[in-house]
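Comments concern the structure below.
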Amino acid sequence: MKSVLDTCTPRESIVKGSFNPEVFTAALMPVIDFYRTGTSTIDEIYTNGESFFRDATYPTEGLTSTITSVFRRISGDGSAPSVYRAETGFGGGKTHMLIGCTHIAARGKELASVTGDILPAQYLPEPHSVHIVGVAGDEIPVRKTKGAQIVPYTLWGEIAYQVGGEDLYKELKEQAEAQEAPGKAFLDKVLGNKKVLIMLDEMAVYATRIDAAQKNGSANLAAFLMSLYGYAKNHTGIAVIITLAGSSDAF
Ligand SMILES: Nc1ncnc2c1ncn2[C@@H]1O[C@H](COP(=O)(O)OP(=O)(O)O)[C@@H](O)[C@H]1O
Ligand SMILES: [Mg+2]
């Protein structure tokens with residue numbers, strides 16, 4: 001039998017000794033920010049869709065089946081589930097899967113040459129046709145911040161801001177900033193007639209944080225998630241992926 005030393009070649013940065021685990025950690029928001037701003041603080045292997053799929057992604061069964069199902073849903077196939085719950089321990093590949101979804105939602109057909117073993121080409125969307133919402137539950141603000149700049153501090157405000165920018169946020173400000181979860185009219189305004197990929201990473205951490213910041217914070221969060229799930233279920237073109245760390249962690 002061949003040993004791992006014969007069959008694997010370490011990455012160049014490891015051989016050179018320049019490997020930096022901080023820029024190499026898989027994180028969702030820097031990838032989404034890269035698509036919004038064109039700049040990034042993390043390794044290109046995560047922000048370049050071609051490198052990500054070609055050099056950094058092993059097509060595990062969980063990854064391929066979830067991604068295929070998500071993009072079937074977004075392409076309008078009502079028989080594919082609208083809500084996905086990814087639950088593994090830390091390091092199980094949840095954020096990696098969300099980064100893969102981000103690249104496919106953003107660039108779709110442009111990535112056909114590197115996504116062949118992950119999803120059938122017919123489900124690749126047209127480039128730039130899908131709205132991408134990504135929330136890192138361990139990072140987004142749970143309290144109002146000072147200053148003139150708009151910084152959403154509710155989950156629903158964050159989603160509205162990411163889909164429709166400042167204009168939509170201002171239009172919906174009252175509900176976007178209320179502690180009580182908004183209802184269907186708000187969701188219609190934000191998500192109606194759109195293709196939207198909503199990725200909520202580390203929601204158990206967020207529930208703990210919002211509960212510490214507000215009375216009934218996690219109950220309001222649960223109420224919102226229920227209406228979001230209900231809305232997604234009745235609208236093909238919308239997929240919601242929520243990740244929770246596995247049962248073995250602190251939450
Ligand atoms: N299918 C995969 N192929 C290659 N690398 C992967 C895959 N899934 C996860 N990884 C890598 O493993 C590490 C841990 O995965 P991550 O997505 O951060 O886990 P989690 O979010 O579940 O804690 C990351 O460096 C990630 O890029
Ligand atoms: Mg993660």
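Keep in mind that the numbers below use all heavy atoms, side chains included, and drop hydrogens, waters and symmetry copies. We count ligands from 1, going down the list as the structure has it; atoms in each ligand are counted the same way.
Of all atoms in ligand 1, listed by their number and element, those nearer than 4.0 Å to a heavy atom of Tyr58 are 1 (N), 2 (C), 3 (N), 4 (C). The ligand atoms of ligand 1 that sit less than 4.0 angstrom from a heavy atom of Thr57 are 3 (N), 4 (C). Against a heavy-atom cut-off of under 4.0 Å, Phe90 is close to the following atoms of ligand 1: 23 (O). Taking every heavy atom of Gly92 and a limit of under 4.0 angstrom, the matching atoms of ligand 1 come to 19 (O), 20 (P), 22 (O), 23 (O).
Checked by atom type and distance alone, the side chain of Arg209 pairs as donor or acceptor with a backbone atom of Ile140 at under 3.5 Å.
The residue among Met97, Lys94, Glu202 with a heavy atom at the shortest distance from atom 22 (O) of ligand 1 is Lys94.
Distance from atom 11 (C) of ligand 1 to its nearest protein heavy atom, with residue and atom name: His96 ND1, 3.8 Å.
The count of protein N, O or S atoms under 2.8 Å from the Mg ion (ligand 2) stands at 1, with waters excluded from the count.
Distance CG/Leu197 to CD1/Ile132: 6.5 Å, rounded to 0.5 Å. Here the OH-CG distance, from Tyr231 to Asp188, works out to 3.5 Å after rounding to the nearest 0.5 Å.
A search for ring-ring contact (aromatic ring centres under 6.0 Å, His included) contacts involving Phe52 returns His96, His103, not counting sequence neighbours.
By the neighbour-count criterion of 12 heavy atoms within 6.0 Å, atom CD of Glu177 is densely surrounded, having more than that number from other residues, nucleotides or ligands.
Checking atom 27 (O) of ligand 1 against the protein gives a heavy-atom contact under 4.0 Å.
Contacts with ligand 1 closer than 4.0 Å are made by side-chain heavy atoms of Thr88 only, the backbone lying farther away. Of the heavy atoms in Ala56, only backbone atoms (N, CA, C, O) come closer than 4.0 Å to ligand 1.
Asp77 and Ser79 are linked by a side-chain donor-acceptor pair at a separation below 3.5 angstrom, with hydrogens and angles left out of the test. Side-chain contact check for Ser69 and Tyr84: at least one donor-acceptor pair (N or O, by modelled atom type) lies under 3.5 Å.
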